[in-house]
> 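The structure follows.
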Amino acid sequence: MTVQELPGAGASHRSTQPPAWSPRTDAAPLLPDPEPYRVLGTEAADRLDPELMRRCYAELVRGRRYNAQATALTKQGRLAVYPSTVGQEACEIAAALVLEEQDWLFPSYRDTLAAVARGLDPVQALTLLRGDWHTGYDPREHRIAPLSTPLATQLPHAVGLAHAARLRGDDVVALAMVGDGGTSEGDFHEALNFAAVWQAPVVFLVQNNGFAISVPLAKQTAAPTLAHKAVGYGMPGRLVDGNDVAAMHEVLSEAVRRARAGGGPTLIEAVTYRMEAHTNADDATRYRGDAEVEAWKAHDPVDLLERELTARGIIDEAAIRAVRDDAEAMAAALREGMNADPVVDPTDLFAHVYAEQTDRLREQAAMLRAELEAEGRE
Amino acid sequence: MAQALTRAMRDAMAEDPTVHVMGEDVGTLGGVFRITDGLAKEFGEERCTDTPLAEAGILGAAVGMAMYGLRPVVEMQFDAFAYPAFEQLISHVAKMRNRTRGAMPLPITIRVPYGGGIGGVEHHCDSSEAYYVATPGLHVVTPATVEDAYGLLRASIASDDPVVFLEPKRLYWSKADWRPEAPAAVPGIGKALVRRTGTSATLITYGPSLPVCLEAAEAAREEGWDLEVVDLRSLVPFDEDTVVESVRRTGRAVVVHEAGGFGGPGAEIAARVTERCFHHLEAPVLRVTGFDIPYPPPMLEKHHLPGVDRILDTVARLQWEN
Ligand SMILES: Cc1ncc(C[n+]2csc(CCOP(=O)(O)OP(=O)(O)O)c2C)c(N)n1
């Protein structure tokens, strides 16, 4: 398919152009493949790097265990809410692994796992969802922006940061994550457009997990794929199997490499599936059937990799056991960390609104202090 | 005033290489009001950038730039065209310091030409300050004099907090006797100034309404009223002490602004003054504001904007023989 064949690119708008105008001739390579790119189970798997794949496997298993543990913590009331990434672990892990230390990750509210895989302490990563503070870590220290709850709003931040870094001559790439629903937001459009115009070193990763809460992709967009959206901005779009961690790693790495080399942004659509409900507050049976969920179970990211690596002798039963034990230990530490009651300091409420407290806030802080003291005396 | 604003950005950019100006048409054109005139030429397009036409994108990108250590100065072309950026402003700009427990302050200055009185058509004349002052985490300042245009903008750019810098459009062309070669030092953000001393009542105002209040104060002399005029300069933080001191002295107060009265800044100020000056007040705190209507068409705006007569009528009501 050429750009001219895309829906909406009719002759009418071309005919209004003055004679000097000519279409971009390099537009064709921007188009994504018609099918999601895959590595596992294909010939491309012959060139897998065993070391990297062992690492991916260990992270995937840890990620799965992390998801299970966090979900369990919501049931125990230790977490207010947890948006699960079961089924999406390959996207989360690959996003974390392709970044260098100096690079930045811009996660959405669902992407706690990517932040943890990048090295963030799992308890700190859950501060937002536990409710003791909004962001439980120093974003600069970890080069992980705060988990963004308003959809797609973190994308222009990634563009601005990457742009600023490039202006300063620093070798920094920003990777920003967003869901399929988030691609309908104006901020998504504005961020992609800015990034392309500025040729900012940014990678946009859309996790198309089938639904925005209850709304399926077909009601979200009329585009052939979300990756096609790249074309209109003038950046390459890539369609990739989001459950195939090897494919994810390869496509993301390539995009990061291009960004680092000054080649500008890339839009990647990872086709995946959210196996669990949107959050623990959601009832997924209202909008989808078991058959669909079952079909995706057969395409599980952990199983896919485990099968491939076992068949190729890259991991064996002992290695699998070791990885699972390690994941168990991580879960135990997380449980322990989360079971300790968080220390919340009410005076923090006024401490971080402005660089210098205003009179108004000082007054209100004094009022709260007096109330607390009175409570203490009772 | 326009020149003083340009000079403030130029001096800030010259002193601090992290200051970046960005917005729609701010480069080659120098902004639709020419406030960024010459900056792109002097500092290059990387420091004074024509962005794509997208307010959320502009402010969102500025957030990322500030995260990386730059000091973006963002121009919103007109008051009513800043609204697409409100999500970024409220959800991120205002809250980032707080969300990150102080780890990530955002030193962004958002310049918004605001208010009417220039014969502009709709969407070019909104007094949008109430939206900004209702958002914790933002500073909101507005100069009414040429000195303040320079001094407050320098202070805003230097601030480690985000500042919404409201520029009264109709004062852009006010000359006054400002000497750009030696910009006078002005008190920074959060300090109100008594612009005219008086004994009979206090007019509390800011931005575009200051010259109107000063004119009203002159006119009131004929009626035997000696009016004090306080220029707030900064709406957040609000310099309560200066206002309260003045009202305690005069015993009467009128708040004057262009923005609509219901839920406008004047409502908050009147409440605060009443709380702290109750026993000093000879009359209730009154307000003269724009009507609670969408900004009117140019031929009708003179009826909407608080003018000298409306202020004097209100001052007369301060006799308060209810
Ligand atoms: C601007 C905005 N509108 C609405 C919401 C409420 N909301 C939270 S998650 C969600 C669906 C998001 O779907 P998608 O982008 O596909 O991401 P996913 O949850 O599937 O990861 C909605 C509507 C929000 N967080 N932000």
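Bear in mind that the values here come from a model prediction, so they are computed numbers and not experimental data. So that the names make sense, note that chain A is the first sequence line, chain B the second, and so on, each numbered from 1.
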> Around atom CD of A:E371, are there more than 12 heavy atoms from other residues, nucleotides or ligands closer than 6.0 Å?
yes

> Does any backbone or side-chain atom of A:L128 lie under 4.5 Å from a heavy atom of chain B? Answer side chain, backbone, both or neither.
neither

> What part of A:D187 gets closer than 4.5 Å to chain B, counting heavy atoms only: side chain, backbone, both or neither?
side chain

> Would you find more than 12 non-hydrogen atoms of other residues, nucleotides or ligands less than 6.0 Å from A:E356 atom CD?
no

> Could you tell me which non-hydrogen atom of A:F194 sits nearest to which non-hydrogen atom of B:I58, and how far apart they are?
CZ-N, 3.5 Å

> Can you say whether B:R47 sits under 4.5 Å from chain A via the side chain, the backbone, both, or neither, judging by heavy atoms?
neither

> Taking CD in A:E101 as the centre, count heavy atoms belonging to other residues, nucleotides or ligands within less than 6.0 Å. Is the count above 12?
no

> Got A:L167 and B:Y68 here, is their nearest side-chain heavy-atom distance under 4.5 Å?
no

> Tell me, for B:S159 versus chain A, whether the close heavy atoms (under 4.5 Å) come from the side chain, the backbone, both or neither.
neither

> Among the options B:P84, B:G190, B:P52, pick out the one with the most heavy-atom pairs lying under 4.5 Å from chain A.
B:P52

> Is the ring pair B:H139/A:Y354 parallel, tilted or perpendicular, if the boundaries are 30 and 60 degrees?
parallel

> Verify whether one side chain among A:H157 and B:Q88 offers a donor that lies under 3.5 Å from an acceptor in the other.
yes

> Pick from B:H20, B:M65, B:E55, B:R97: which one has the most heavy-atom pairs with chain A under 4.5 Å?
B:R97

> Where does A:A165 contact chain B at under 4.5 Å (heavy atoms): side chain, backbone, both or neither?
both

> For A:L147, is it the side chain, the backbone, both, or neither that has a heavy atom closer than 4.5 Å to a heavy atom of chain B?
backbone

> Of all of B:A62, B:P237, B:G102, which one pairs up most often with chain A through heavy atoms under 4.5 Å apart?
B:G102

> Answer yes or no: is there an ion pair linking B:E240 with A:R362, defined by an N-O contact shorter than 4.0 Å?
no

> Quick one: do A:R168 and B:E46 make a salt bridge, cutoff under 4.0 Å?
no

> Provide the closest heavy-atom pair for A:T153 versus B:H92 in the form atom of the first, atom of the second, distance.
OG1-NE2, 2.6 Å

> I'd like to verify something: which residue of B:D241, B:L138, B:T18, B:L53 has the highest number of heavy-atom pairs under 4.5 Å with chain A?
B:L138

> Output, in order, the C-alpha distance, side-chain angles, deciding distance and verdict of side chain to side chain contact (heavy atoms under 4.5 Å, CB included) for A:T135 and B:R101.
CA-CA 7 Å; A:T135 304; B:R101 271 209 177 90; over 6 Å; no

> On a heavy-atom basis, which atom in A:W133 and which in B:T100 lie closest, and how many Å separate them?
NE1-N, 4.4 Å

> Taking the side chain as C-beta and beyond, is there a heavy-atom pair between A:P146 and B:M67 under 4.5 Å?
yes

> Side-chain contact test, heavy atoms from C-beta onward, threshold under 4.5 Å: evaluate it for A:H134 versus B:N98 and give yes or no.
yes

> Provide the closest heavy-atom pair for B:G69 versus A:R140 in the form atom of the first, atom of the second, distance.
N-NH1, 4.4 Å

> Could you pull out the closest heavy-atom pair between A:P150 and B:S91, with the gap in Å?
CG-CB, 3.9 Å

> Near A:Y137 OH, under 6.0 Å, is it more than 12 heavy atoms from other residues, nucleotides or ligands?
yes

> Between B:D160 (side chain) and A:A355 (backbone), is there a donor-acceptor pair under 3.5 Å?
no

> Under the side chain to side chain contact (heavy atoms under 4.5 Å, CB included) rule, what do A:D359 and B:F238 come out as? Steps first, then yes or no, please.
CA-CA 8 Å; A:D359 290 343; B:F238 165 51; over 6 Å; no

> Name the region of A:Q357, side chain, backbone, both or neither, that has any atom closer than 4.5 Å to a heavy atom of chain B.
neither

> Which region of A:T127, side chain (C-beta onward) or backbone (N, CA, C, O), has a non-hydrogen atom less than 4.5 Å from a non-hydrogen atom of chain B, or is it both or neither?
neither

> Name the region of A:V353, side chain, backbone, both or neither, that has any atom closer than 4.5 Å to a heavy atom of chain B.
both

